[in-house]
Amino acid sequence: MNKLVNITIDGRKYQVHEGKNLVDAAKENGIYIPTLCHFHEVNPPLGTCRICTVVVNNKTTTSCTTKVYEGMEVEINTPELQDTRKAIIEMLFAEGNHFCPSCEKSGNCDMQNLAYDMGITVSRFPHVYSNKVVDFNSDRMIMESNRCILCKRCVEEVKTKEGMDVFSFVNRGVKTRVHIDYDEEAKLTDAEALHAMNLCPVGAILVKGMIYEQPFGDRKYDIVGKDKEAPKREGTKKRSDENKFIVATTSLAGCFGCHMSLLDIDTEILDVLEIVEFNKSPLTDIKKFSKRCDIGLIEGGCANSENIEVLKEFRKKCDILIGFGECAIMGGIPAMRNFVPLKECLEEAYIHGLTGEIGANVIPNHEDIPKLLNNVYPCNEIVKIDYYIPGCPPNASHIWKVVKNILLNEEYSITHEEFKYD
Amino acid sequence: MANLEQALQRTSLMDVLWDIQKKRRYISHDDKTKIAKEFNISRMELEGVISFYHFFHRKNAGKYTIYLNCSTISKLHHYQAVKEAFEEEIGIKIGNVTPDKLFGFFKTSCIGLSDQESSALINFYPFTNLTPAKAKTIISKLRDGHPLESLCDIPKDNIQYRPEEDDKTVFFKTYKPGKALKKLKDYRPDDVIELVKNSKLSGRGGAFFPTGIKWQFCKDNIADQKYIICNADEGEPGTFKDRVLMNNHPGLLLEGMAMAGYAVGATEGTIYLRAEYFYLKEKLEETINDFNKNGLLGKNILGIEGFDFKVNVHMGAGAYICGEETALIASMEGKRGEPTTKEFFPVEKGFLGKPTVVNNVETLCAVPRILEMGLEKYLKIGTNATPGTKLLSVSGDCKKPGVYEIEWGMKLKDFLDLIEAKDPHYILFNGFAGEFLSSVDFDREISGENLLAEHIQFSFNDPIEYSRKMSGVGLRSGGSFMVFNSTRDLLSILKNITKFFVAESCGICVPCRTGNFLLNKKINKIMLCHADKSDLDEIKEWSTIIKQSSRCGLGKTSTNCLLTAMLKFPGEFQKCLLAESDFNQAFKLEKAVEDYDNIIHEIESSYE
Ligand SMILES: Cc1cc2nc3c(=O)[nH]c(=O)nc-3n(C[C@H](O)[C@H](O)[C@H](O)COP(=O)(O)O)c2cc1C
Ligand code: SF4
Ligand code: SF4
């Protein structure tokens, strides 16, 4: 075995085997460096995902491509580096089209899990919503480019017996995609195809007819996170009068599922009502704001002109706005229409769709009907949103816990277990 | 890796693709099937290679394929009017091919002719100093069947300046083939390396890695085969000094390569020439032939026992990233030009896994001159840290664009006088990967003295702090020098820069691929007066993230211009900022419902 060397990680000294990969060397000493593209013995390491960015001797670099040597000084968990890593994941979410609530991989997805770990409720980057193709052409596989993060694992690892590539990068820059070579893919055994699916850290490579065995909620990362502590964020100071806090809620382009979830706390709603009074809300059926509110809870993104008006009114009338549910945070399922021309959407809905009336040939329009926007927008792309509660829908007690904590200015955080995008 | 034989065969892939592209004007489905079979790779892998390079087409690109340079300097020289003239004359918009497949008209980034813009390449024949009238004439003559050879321009060298005494000139003075090579008789390989080390020559491609040390590393790595690669990709916008050097003294370059080979023990050299310089290929190959004939290349060169060296030319195919040395090597191996992770440097595992030296044209040309002049004389030129001279390619708002050979150590303001820049307001120094300079930098000297670590250089937030700390710090450039006067729009220049990086990012890592794309959008937002102060803060934050976490030099440097421009010209960014607000002011409801209004309007009018 090669010799031991001394290295410093975040100010503490460690002894590790010389030449060992920094990710592994840190792991042996109980320090976790997140990775996506890194997997077992791939050599040279891919270094594509950049999540394991650290500082080595004052220079930023990736841990997976760094081999330890005597006297190396490493910074891993400085606030700045943690933020950089978080930003990279957020950028992956913003560039791809990740609709976790409708994703086969949810719960088994490495990227989703990292995002939970890092406490990502929303991406700081605007969603690109670029139109990407889902390729069903191969007999056995589906390539879901919307979810592909271009880690290159499959390109490097999956080969036929003759050594031919099955997956390849095509085009360059923002247009880079992984494509399947159908002929070569057909030569893989079923086991090899499954291996490709499992190798993919996200839900981009799927084998038709092969769903993950465990149900949602019982998957790899659903269980693993239970004992992890979530990152903390400081609460804002909030005045606390004798009077009750006033809360308004609304559902924009959502399914009302989040509001249903709100009610799921059953009798505990009585406790909530001790401190909270509802103003404008579908729960009270109050249609107009009658007072200024402490908190506005927003479900759903913005799909039409009315959503925009309501959202802006909420921003004006509420001190704090909370976006709850995936649709409010990133557009959610309704945003899937962002890749289809509006005209096609309307025709599909009212004329050609299977659920339309036979012989229907009118797209309804009237000045009282709100106008559809060109895209479905996440709420934070229209107004400032102060807090986000992810989930599809978020769990009931979780929502109320967050609301209470904000109102009472208690320290709060979402635990890993409560983090769910689906 | 596949076996060596296969890897060797693969190195000819680019040539095969070029042959087909040139003959057929695109690479067809059938071609791909045949090539994939011949090279024993999957079709999709081949597709990946073809689609990486922007001069390879998958649809017919026209009998005459016109590439109009859209880089920022051309915008100062009638780009828009020339573009419109072409469009009108051939009857299609840029980015298209005429229905009869006679003309294809495309944009391309800097083609190394910034001193004679606007410029274009038609089937890789150069056309310079274009005007709308000239564009129209070219097209009508082509229609009449005039051959391109008779119509194209011969790019001018525009060597504007060199030190007055020959003693102080390194590059642009008389050259006698073989004069320097002959001196090798008295040098052992180690002596050459020692000489290069002592000359403090450092990489002129822009990274300034000490050349002697690079050669030493390569020499120390024992292998049955080693390679010398001359990086003639010259992709940095605004740079064209390598073009002029190769056109003037192709022999000097060959001597430099042979010396590198002699020093490190390599017998094969390749010039990786960017496709934009196809017109130089013949000249280089002729010179190689002459050298072979005269015993200056080949076996036992000049009678020196065991000194064997041969050179060939490898063509690029349109990818800025292939100037990065590891991407360049991948490209020569017939792969996508993606940079590697630097797990190994080329001197350890380079071309075909063998130790390889990659050097810029200018670096290689300097070596025979140093040998010729003698170390002592050479060290007298320039400054202590950077002896010798530097070639700068000057373009933009000045009276005398062209190539300048200056002694290191010249003050920036003196250089501006030399090029006769009347109102130098924004100076884009060292290309798009470089930095913006302003009048606070005028007293700094162009040299490698007193350099600061890069993370310090780009971390200033306060202009006063910047000028205090940077005043004594030298300015180093790979060769690009673009000047803009005060009437130019900084944001348009920055937009051109970010667009360039979006187009040229290889796409392998997210910070560079999508980060630059998002920055480009932010600049649009500022230009539309939809931004507020938080957008500026975000630009800074995002730029730093991109810089920190990108995989290669492209991403690490792509935001330098933006960061320095924000530091030095804050006013340009604040011109039309909106007051901060809880509402996103870039969102306009009228625009967002435009599609819907149109659809409804269409329906309603169909009722009538
Ligand atoms: C994005 C990128 C583009 C580059 N383009 C060029 C180029 O066009 N020409 C060049 O000589 N070096 C270029 N380089 C630098 C090369 O990677 C390498 O450092 C250089 O060829 C080494 O030669 P030198 O030491 O003689 O400069 C580029 C680097 C990067 C990161
Ligand atoms: S589960 Fe993973 S792959 Fe699927 S949408 Fe969510 S983040 Fe993307
Ligand atoms: S920084 Fe840009 S060019 Fe470099 S590897 Fe990443 S994507 Fe490719």
Side-chain angles (χ1 to χ4, degrees), chain A residues 44-50 53 58-60 62 65 84 87-88 91-92 94-95 124-126 128 149-150 152 160 162-176 179-181 183-184 305 308 312 315 341-343 346 362-363 365 371-375 377 380-384, chain B residues 2 40-48 51-54 319 321 336-338 340-344 453 455 502-511 513-515 517-518 521 538 541-542 544-545 547-551 581-584 587 589 591-597 599-600 602-604:
Chain A
L46 301 171
T48 50
C49 79
R50 321 307 292 164
T53 295
N58 284 325
K59 269 192 148 160
T60 48
T62 41
T65 57
T84 300
I88 297 170
M91 210 186 275
L92 285 170
E95 97 171 340
R124 75 190 72 183
F125 306 101
V128 175
I149 55 167
L150 299 169
K152 224 180 176 198
T160 63
E162 288 81 43
M164 303 281 243
D165 285 5
V166 176
F167 300 92
S168 303
F169 271 17
V170 172
N171 298 321
R172 74 172 186 220
V174 277
K175 299 203 186 94
T176 312
H179 284 195
I180 302 180
D181 189 296
D183 295 339
E184 301 303 331
S305 54
I308 299 283
K312 284 186 170 173
R315 180 71 271 178
L342 187 57
K343 187 151 186 225
L346 287 165
V362 187
I363 293 173
N365 76 85
K371 295 179 180 181
L372 286 183
L373 309 180
N374 55 347
N375 268 341
Y377 293 80
N380 69 334
E381 290 187 22
I382 308 296
V383 301
K384 182 176 166 224
Chain B
N40 199 24
I41 54 178
S42 79
R43 258 193 56 114
M44 205 48 88
E45 188 183 354
L46 177 67
E47 189 79 35
S51 61
F52 191 85
Y53 298 97
H54 93 234
I321 189 62
R336 291 166 62 83
E338 287 163 355
T340 67
T341 53
K342 310 288 178 303
E343 172 96 349
F344 297 103
H455 68 275
V502 175
E504 298 298 338
S505 158
C506 83
I508 218 174
C509 68
V510 72
R513 167 176 83 221
T514 291
F517 174 83
L518 294 171
K521 288 195 146 186
E538 277 179 353
E541 182 196 317
W542 299 0
T544 312
I545 290 167
K547 198 172 181 49
Q548 269 187 340
S549 58
S550 285
R551 191 165 182 261
S581 149
D582 281 350
F583 297 86
N584 173 9
F587 177 83
L589 187 57
K591 254 203 102 75
V593 297
E594 217 171 62
D595 288 351
Y596 181 81
D597 281 341
I599 295 167
I600 297 303
E602 209 179 286
I603 294 172
E604 282 181 342

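Note that the structure is a prediction, hence the values are computed from the model and not measured. Quick note on labels: first sequence line is chain A, next is B, and so on, each numbered from 1.
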So, the part of K371(A) with a heavy atom under 4.5 Å from chain B: the answer is both
The interface call for S581(B) against chain A, heavy-atom contacts under 4.5 Å, is neither
When the 4.5 angstrom heavy-atom criterion is applied to I308(A) and chain B, the contacting part is side chain
When the 4.5 angstrom heavy-atom criterion is applied to T53(A) and chain B, the contacting part is side chain
Note: vs chain B, highest number of non-hydrogen pairs under 4.5 angstrom among T60(A), T160(A), D181(A) is D181(A)
*asked:* Regarding E338(B) and K152(A), does a basic nitrogen lie under 4.0 Å from an acidic carboxylate oxygen?
replied: yes
Ranked by heavy-atom pairs below 4.5 Å to chain B, first place among C49(A), G173(A), G163(A) goes to G173(A)
From the list T341(B), V593(B), V510(B), the residue making the most non-hydrogen contacts under 4.5 Å with chain A is V510(B)
Chain B shares the most heavy-atom pairs under 4.5 Å, among K343(A), K175(A), E184(A), with K343(A)
Assert top hit (heavy-atom pairs under 4.5 Å, partner chain B, pool D183(A), N375(A), L46(A)) equals L46(A)
Heaviest contributor of heavy-atom pairs below 4.5 Å to chain A, chosen from F517(B), F52(B), F583(B), is F583(B)
- Query: Is the backbone of G48(B) close enough, under 3.5 Å, to the side chain of S51(B) for a donor and an acceptor to pair up by distance?
  - Reply: yes
In terms of heavy-atom pairs under 4.5 Å with chain B, the winner among L373(A), V174(A), N171(A) is N171(A)
Answer key: most heavy-atom pairs under 4.5 Å with chain A among C509(B), G515(B), P511(B), A453(B) is P511(B)
Practice prompt. Begin from the C-alpha positions of T62(A) and R50(A) and carry the test side chain to side chain contact (heavy atoms under 4.5 Å, CB included) through to its verdict.
Written response: CA-CA 6 Å; T62(A) 41; R50(A) 321 307 292 164; 3.5 Å; yes
Interatomic distance, CG@D597(B) vs CG@L372(A), rounded to 0.5 Å, equals 10.5 Å
Ranked by heavy-atom pairs below 4.5 Å to chain B, first place among E95(A), M91(A), R172(A), K384(A) goes to R172(A)
So CG of L150(A) and OG1 of T48(A): to nearest 0.5 Å the spacing works out to 8.5 Å
So, the part of P341(A) with a heavy atom under 4.5 Å from chain B: the answer is neither
d(Y53(B) OH, R336(B) CZ) to nearest 0.5 Å is 8.5 Å
When rounded to the nearest 0.5 Å, the distance separating CD1 of I508(B) from CZ of R513(B) is 9.0 Å
In this structure, CD1 of I363(A) is separated from CD1 of I600(B) (nearest 0.5 Å) by 6.5 Å
side-chain hydrogen bond (donor to acceptor under 3.5 Å, both in side chains) filter on N584(B), not counting sequence neighbours, yields none
Turns out that what part of K312(A) lies under 4.5 Å from chain B's heavy atoms comes down to both
Whatever's closer than 4.5 Å to a heavy atom in chain B on Y377(A) counts as side chain
If one checks every heavy atom of I149(A) against chain B at 4.5 Å, the contacting part turns out to be backbone
Rounding to 0.5 Å, atoms CD1 (I545(B)) and CG (L518(B)) come to a distance of 11.0 Å
Sorted by chain and residue number, the ring pair (Phe, Tyr, Trp, His ring centres under 6.0 Å) partners of Y596(B) (sequence neighbours excluded) come out as none
